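Okay, so here's the structure we're looking at.
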Amino acid sequence: MADQDHIPMPSKAERDASIQAVLDQGLSPTRPSWRNIPLSVLVFGVEDCLFLASLLGLLPAAAAFIPAESLADLLAKLLFLSSPLLYIAACALTSWKESLSGTLDWKRTCRLPLQTLTALRMLLFGGASLLVCVPVNLLLWQASGHAIPLSRALAISFSSLFLHAALSLSCRRLRWGMAVPAAAWTLVGIALLAFEPLGGLLPEVPTAVFCLMAGAGLSCCLTQERAMLRAPHKGGPIYAFR
């Protein structure tokens, strides 16, 4: 009877193998590759924010109805100030919606590193900004009667966009990180439009300087994006995806 009641116990090696199998199934992969993240994850729940931001990015195209002589005087300022508009709106609207709805806190408990999602979203917003602002810039340049060379118009636009993106990435860990770049751009816009001496300096800046500013901003963006993707858990919270 004693032999019949005996329950065979697994050995230590068998127990360790079973535990490891459970861990492998439940926790792998703990750090999913960002290359496998679908686009639907990046825009999940914020599709309306990206749509509204795209509409705002197209808004400067309305300046094409301004007479060519007047538009020619405003072209450099308009390109510089309007190029980051979609990027600013997309970042602000998505952050506001996720904070307001509580989904940001819910997603912090899951598997995809938040740093990875932030980096990929900023790349997506930056790409969308380029796709929108380049046609808008070409339209304004055409409507102004080719007031400035096309290369200069694009250099002004890209320098503005990339510098703002670099500033956004640099400020992302601050308490009001999203508000700092928008506030800085608002102050720059007020200074250029309200103070004639400052506004008059913009057309005097050589095209090469704008190209250097664009290159520096893009280099800073790519460096920070690479760091965020290579060390996704540095900075804490994580998101989930399936």
Side-chain angles (χ1 to χ4, degrees), residues 29-39 41-43 46 49-50 53 57 79-95 98 104 107-108 111-134 137 151-189 205-239 241:
T30 56
R31 293 177 61 178
S33 171
W34 60 268
R35 297 179 181 85
N36 298 326
I37 299 173
L39 179 63
V41 170
L42 300 183
V43 299
V46 295
C49 297
L50 190 55
L79 293 176
F80 189 82
L81 295 176
S82 65
S83 294
L85 187 57
L86 190 153
Y87 189 88
I88 295 172
C91 291
L93 288 172
T94 53
S95 297
E98 289 191 329
L104 183 60
K107 290 179 181 178
R108 288 178 190 273
R111 267 186 4 195
L112 177 62
L114 180 58
Q115 288 279 65
T116 299
L117 183 67
T118 301
L120 294 178
R121 270 190 174 175
M122 287 190 166
L123 281 175
L124 174 64
F125 296 160
S129 297
L130 282 175
L131 290 176
V132 170
C133 79
V134 170
N137 293 343
S151 58
R152 178 174 176 81
L154 293 178
I156 293 173
S157 178
F158 292 163
S159 66
S160 173
L161 176 60
F162 294 147
L163 286 176
H164 186 277
L167 181 61
S168 298
L169 286 166
S170 300
C171 297
R172 70 186 186 276
R173 294 184 181 177
L174 301 178
R175 180 177 177 84
W176 297 101
M178 295 304 302
V180 172
W185 228 248
T186 300
L187 292 175
V188 170
V205 178
T207 302
V209 174
F210 285 115
C211 292
L212 289 175
M213 291 167 60
L218 179 59
S219 177
C220 183
C221 287
L222 294 179
T223 299
Q224 294 187 73
E225 291 277 355
R226 182 183 179 188
M228 293 168 69
L229 291 173
R230 293 188 66 179
H233 293 291
K234 186 178 181 180
I238 48 180
Y239 270 84
F241 80 100

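For clarity, every value in this text was computed on a predicted model and none was experimentally measured. The first residue of the sequence shown is numbered 1, and numbering continues consecutively from there. These values consider heavy atoms only, across backbone and side chains, with no hydrogens, waters or symmetry-generated copies.
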Under 3.5 Å, side-chain donor or acceptor atoms of residues 208-217 against the rest of the protein: list the pairs with distances, not counting sequence neighbours.
none

Where [X] and [Y] come nearest, the two heavy atoms and their spacing:
X: L120; Y: E225; result: N-OE1, 4.3 Å
X: R152; Y: V205; result: NH1-O, 2.7 Å
X: A184; Y: L167; result: CB-CD2, 4.2 Å

Can you give each donor-acceptor pair under 3.5 Å made by side-chain atoms of residues 85-94, sequence neighbours left out, with the distance rounded to 0.1 Å?
residue	atom	partner	partner atom	Å
T94	OG1	A90	O	2.7
T94	OG1	C91	O	3.1

With sequence neighbours excluded, residues passing side-chain hydrogen bond (donor to acceptor under 3.5 Å, both in side chains) with [X]:
X: S170; result: Q224
X: T223; result: none
X: S157; result: S83, N137

Could you pull out every donor-acceptor pair under 3.5 Å between side chains of residues 158-166 and any protein atom, sequence neighbours left out?
residue	atom	partner	partner atom	Å
S159	OG	A155	O	3.1
S159	OG	I156	O	2.8
S160	OG	F80	O	2.3
H164	ND1	S168	OG	3.4

